[in-house]
Amino acid sequence: MSQIHLAPSILSADFARLGAHVEEALAAGADYVHVDVMDGHFVPNITIGPLIVEAVRPVAERYGAVVDVHLMIERPERYLADFARAGADILTVHVETCPHLHRTVQAIRELGVRPGVTLNPATPLATLEEILPTVDLVLIMSVNPGFGGQSYISDSTAKIARLRAMLDAIGSTAELEVDGGIKPGNAAAIVAAGATVLVAGSAIFGGPNSVADNVNAFKRELRVTSDE
Ligand code: DX5
Ligand code: ZN
C-alpha cells in the first residue's frame, strides 16, 4: 500500500479553537480532516453540520488536506448539496440509512464530490458488494458510531482484511478507511490488514500531549506520507 493517510476526527477537538487545533494536526503531517456529522436519530449523539465544514475548509485548503465528511444521519440525501457547497471533498453515507444507495452515491458524484460508503460493526460486508465498483472510499466502523473515545472492536481487523480482498479482486483503488478506537499502538496492524486511511479523534486531540506529538506518535508507527 503506497500511501497511508491520517484523518484526525475533529469530534475530539477543542471547538473554541477549532481552526488552530486542526491546523496543528495538519502542520504535523495529517492530510485529511474527518468531520463526524450526527443527527440524534441514526446515532444517539448530535454534533455538527455544514457550517463547521465551511469553517474548516480554508484551513484544510492551506495544507492541501482532504475534507472527509462522515454522515451519521438519517436520509442523508437531503443534505448532500449543503455539504458539497460547504466544501466536502468526500461524503460518506451509511448503508443502513440508504435504501437507494446507488442513487445516493450517484447524487454525491453529480455534486462533484467523491462518494464513500460505510457500515456499522454488525452490518455484513455483503451489503457493499454491488456498490463497491462505484465508490471512491469504503469506511469500516471499528466502533458503534455515535461517540469518540470508544475501544476498538478487535473483530474489525478481520473485516478490514476481507474488504481489502474484495477491493483487490475487482481492481478497485478506493481508499479503505477505518474509524474508531485507533491509537498508535494498533495502527500498524490495521494498516497491515489493508487500511489506507486511519481516523483518530481522541488519540490526536485528547490526552496530555500536544496534537503535534500525537500525530508524530502515529507517524513513528506508520510512514504517513504528506507533502514533506
Ligand atoms: C464515531 C466517529 C469517529 C470518532 C473517532 O462515531 O465516527 O470518527 O470520532 O473517535 P476515536 O478515535 O476517539 O475513537
Ligand atoms: Zn467518523
Side-chain angles (χ1 to χ4, degrees), residues 4-15 18 21-22 25 28 30-50 52-53 56 60 65-74 76 79 83 88-97 114-123 135 137-157 159-160 175-191 195-209 211 213-215 217-218 221-222 224:
I4 305 304
H5 306 280
L6 190 57
S9 161
I10 65 168
L11 190 58
S12 295
D14 179 353
F15 279 82
L18 183 60
H21 231 179
V22 170
D31 55 0
Y32 276 46
V33 179
H34 186 83
V35 182
D36 286 308
V37 180
M38 306 185 188
D39 65 353
H41 291 274
F42 176 60
V43 291
N45 202 1
I46 299 178
T47 59
I48 55 186
I52 295 291
V53 172
V56 298
V66 171
V67 178
D68 170 33
V69 179
H70 177 193
L71 296 177
M72 287 161 275
I73 62 177
E74 284 179 4
Y79 294 104
F83 281 103
D89 294 304
I90 299 173
L91 278 171
T92 297
V93 294
H94 272 261
V95 296
E96 299 88 355
T97 64
R114 289 153 65 194
V117 289
T118 184
L119 71 195
N120 287 338
T123 304
V135 296
L137 178 144
V138 185
L139 168 59
I140 294 284
M141 287 308 301
S142 45
V143 295
N144 288 293
F147 301 94
Q150 305 181 78
S151 299
Y152 182 82
I153 297 171
S154 58
D155 290 348
S156 312
T157 312
K159 198 176 185 184
I160 295 161
E175 300 287 356
L176 197 171
E177 184 174 44
V178 183
D179 184 3
I182 302 182
K183 315 280 172 208
N186 59 13
I190 293 166
V191 169
T196 58
V197 185
L198 302 185
V199 177
S202 49
I204 287 183
F205 293 115
N209 298 328
V211 170
D213 285 350
N214 291 337
V215 169
F218 275 99
E221 295 296 326
L222 312 162
V224 174

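Indexing begins at 1, ligand by ligand and atom by atom, following the structure's order.
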Proximal ligand 1 atoms for Asp36, defined as those under 4.0 Å from one of its heavy atoms = 2 (C), 3 (C), 4 (C), 7 (O), 8 (O), 9 (O)
Note: Gly180 and Tyr152 closest approach over all heavy atoms is O-CD1, 3.4 Å
Mind telling me whether His94 and His70 have parallel, tilted or perpendicular rings, with 30° and 60° as the class edges?
-> parallel
Ser142 and Lys159: side chain donor to acceptor below 3.5 Å | no
Option among Leu139, Leu137, Val138 that satisfies the side chain to side chain contact (heavy atoms under 4.5 Å, CB included) test with Glu175 = Leu137
For atom 3 (C) of ligand 1, which protein heavy atom lies nearest, and how many Å away is it?
-> Asp179 OD1, 2.8 Å
To the nearest 0.1 Å, how far is atom 14 (O) of ligand 1 from its closest protein heavy atom, and which atom is that?
-> Gly181 N, 2.8 Å
From Asp14 atom CG to Phe205 atom CZ, the distance as rounded to the nearest 0.5 Å | 10.0 Å
May I ask you to list the atoms of ligand 1 that are less than 4.0 angstrom from any heavy atom of Ser9?
-> 8 (O), 9 (O)
Got the closest protein heavy atom to atom 10 (O) of ligand 1, with its distance?
-> Gly148 CA, 3.6 Å
Among all protein heavy atoms, pick the one closest to atom 13 (O) of ligand 1 and tell me residue, atom and distance.
-> Ser202 OG, 2.6 Å
In the protein, which heavy atom is nearest to atom 12 (O) of ligand 1, and how far is it?
-> Gly201 N, 2.8 Å
What does the angle at the Zn ion (ligand 2) come to, between atom ND1 of His70 and atom NE2 of His34, rounded to 10°?
-> 100°
Under a heavy-atom criterion of less than 4.0 Å, does Ala203 contact ligand 1?
-> no
Using non-hydrogen atoms of the residue, decide whether Met72 is closer than 4.0 angstrom to ligand 1.
-> yes
Below 4.0 angstrom from a heavy atom of His70, which ligand 1 atoms are there? Numbered from 1 as shown, please.
-> 7 (O)
Closest to the Zn ion (ligand 2), which N/O/S atom of Asp179 is it?
-> OD2
Determine the minimum heavy-atom distance between Leu119 and Thr123, stating which atoms define it.
-> CD1-O, 3.6 Å
Among protein heavy atoms, which lies nearest atom 6 (O) of ligand 1, and at what distance?
-> Gly146 N, 2.8 Å
Which of the numbered atoms in ligand 1 are below 4.0 angstrom from a heavy atom of Pro145?
-> 6 (O)
Quick note on ligand 1: atoms under 4.0 Å from a heavy atom of Val199 include exactly 8 (O)
Is any side-chain heavy atom of Val37 less than 4.5 Å from a side-chain heavy atom of Tyr79?
-> no
Show your reasoning for whether side-chain contact (heavy atoms from CB on, under 4.5 Å) applies to Ile48 and Ile10.
-> CA-CA 10 Å; Ile48 55 186; Ile10 65 168; 3.9 Å; yes
Where ligand 1 meets Phe147 - atom numbers and elements under 4.0 angstrom, heavy-atom basis | 1 (C), 6 (O)
What is the minimum heavy-atom distance between Met38 and Leu11, and which atoms define it?
-> CE-CD2, 3.6 Å
Looking only at heavy atoms, which two atoms of Thr97 and Ile73 are closest? And how far apart?
-> CG2-O, 3.4 Å
Could you tell me which N, O or S atom of Asp36 is nearest to the Zn ion (ligand 2)?
-> OD1
What are the two closest heavy atoms between Val199 and Ser9, and how far apart are they?
-> CG1-CB, 3.8 Å
For ligand 1, which atoms sit closer than 4.0 Å to a heavy atom of Met38?
-> 6 (O)
List every atom of ligand 1 that sits less than 4.0 Å from any heavy atom of Ala200, numbering the atoms from 1 in the order shown and giving each element.
-> 12 (O)
Below 4.5 Å, heavy atoms only, C-beta onward: do Asp68 and His5 meet side chain to side chain?
-> no
Would you please determine whether Tyr152 falls within less than 4.0 Å of ligand 1 on a heavy-atom basis?
-> no
